[in-house]
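Here the structure comes first, spelled out in structure tokens, and everything after it is commentary.
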Amino acid sequence: MVKHFLGQSVLRPSWDQVFATFWQRYPNPNSKHVLTEDTEHREVTPDQKLLSRRLLTKTNRMPRWAEHLFPANVAHPQNQTMTTSTWDINHARLVVVEERCVYYVNPENSGWTVVRREARGSSSLFGVSSGVQEFALARFKSNVTNTIEGFEYFLAKLQVEAWLTLVQTAKETTEKAKETALAETEKAKDLARKAATKK
């Protein structure tokens, strides 16, 4: 039997911002256990779907009660919908947790994004598989808050960077406008002087 978890979150930024941020959300202060994120494969299918396979290096340690059972050395864009599948294989001999997330535009506020998150834990340990699965899903559920906060950290960072770029662009545009205005003023003065000299 497989244990199951289903949850949903709303992210305040738009789907486009969430989609752009998804690819650069690790490492972050809320997910310190994720050390690296590498893209192994990426392709666009004939029906215009982006498929990406990524590997995350994590530091999750095995639960203490499991250390006694195992040796220490064992361890979609066109319609604004993105579906991700993640398998946590850190302790595959103990339990495998599969997470599936669907990101889509919030139907009540198109400027926000909904994340529908589903997880399944499976274990083939004879006699204790149910307890192991429950433990794995409880751990998963407790990490969902950190996952969302980490995502929001990067979304906020990108918004600040975009705002700073906008401020810099506005500053440069203002400076350019001042320079142009000064040049035009000098040109007008020269024309006035020449006209006065001709009289």
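All residue numbers in this chain count up from 1 along the given sequence.
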Side-chain contact test, heavy atoms from C-beta onward, threshold under 4.5 Å: evaluate it for [X] versus [Y] and give yes or no.
X: Phe140; Y: Glu99; answer: yes
X: Val97; Y: Arg120; answer: no
X: Val144; Y: Arg117; answer: yes
X: Glu186; Y: Glu184; answer: no
X: Asp16; Y: Gln80; answer: yes
X: Val96; Y: Trp87; answer: yes

Would you say the side-chain atoms of [X] pair up with the backbone N or O of [Y], donor to acceptor, closer than 3.5 Å?
X: Ser123; Y: Gln133; answer: no
X: Ser142; Y: Arg139; answer: yes
X: Thr113; Y: Pro13; answer: yes

Legend entry - With sequence neighbours excluded, residues passing side chain to side chain donor-acceptor pair (under 3.5 Å) with Thr86: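 Residues passing side chain to side chain donor-acceptor pair (under 3.5 Å) with Thr86: none at all.
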Atom pair [atom1] ([X]) and [atom2] ([Y]), whose distance is rounded to the nearest 0.5 Å:
X: Gln159; Y: Glu152; atom1: CD; atom2: CD; answer: 10.0 Å
X: Asn106; Y: Ser14; atom1: CG; atom2: OG; answer: 11.5 Å
X: Lys176; Y: Thr174; atom1: NZ; atom2: OG1; answer: 13.0 Å

Legend entry - Heavy-atom pair with the smallest gap, counting every atom of Thr81 and Trp15: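 That would be N-CZ2, 3.5 Å.
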Inset, instruction - Search all heavy atoms of Gly121 against all heavy atoms of Leu137 and return the closest pair with its distance. - result: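 Result for this residue pair: N-CD2, 3.9 Å.
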Applying a strict under-4.5 Å side-chain criterion to I, L, V, M, F, W and Y, I'd like to know whether [X] and [Y] cluster together.
X: Val102; Y: Val18; value: no
X: Leu50; Y: Val115; value: yes
X: Val105; Y: Phe19; value: yes
X: Met82; Y: Ile148; value: yes
X: Val114; Y: Trp112; value: yes

[Y]/[X] salt bridge by N-O under 4.0 Å criterion:
X: Glu40; Y: Arg53; value: yes
X: Asp190; Y: Arg193; value: yes
X: Arg100; Y: Glu98; value: no

Inset, instruction - Give the other cluster members for Phe154, using side-chain heavy-atom distances under 4.5 Å between Ile, Leu, Val, Met, Phe, Trp and Tyr residues; answer none if it is isolated. - result: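 The other cluster members (ILVMFWY side chains, heavy atoms under 4.5 Å, direct or chained) are Tyr153.
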Inset, instruction - For atom CD of Glu175, decide whether the heavy atoms of other residues, nucleotides or ligands shown that lie under 6.0 angstrom number more than 12. - result: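 More than 12 heavy atoms, drawn from other residues, nucleotides or ligands, come within 6.0 Å of this atom.
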Inset, instruction - May I have all residue pairs that pass salt bridge (charged side-chain N to carboxylate O under 4.0 Å, His left out) and include part of residues 127-137, sequence neighbours excluded? - result: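 Counting only pairs at least two positions apart or across chains, the salt bridge (charged side-chain N to carboxylate O under 4.0 Å, His left out) contacts touching residues 127-137 are Lys3-Glu134.
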Inset, instruction - Give the intermediate values and the outcome of side-chain hydrogen bond (donor to acceptor under 3.5 Å, both in side chains) for residues Thr45 and Asp47. - result: CA-CA 5 Å; Thr45 64; Asp47 60 345; 2.3 Å; yes
Legend entry - Within the 6.0 Å centroid threshold, strictly below: Phe22 and Tyr103: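 Yes, ring centres under 6.0 Å apart.
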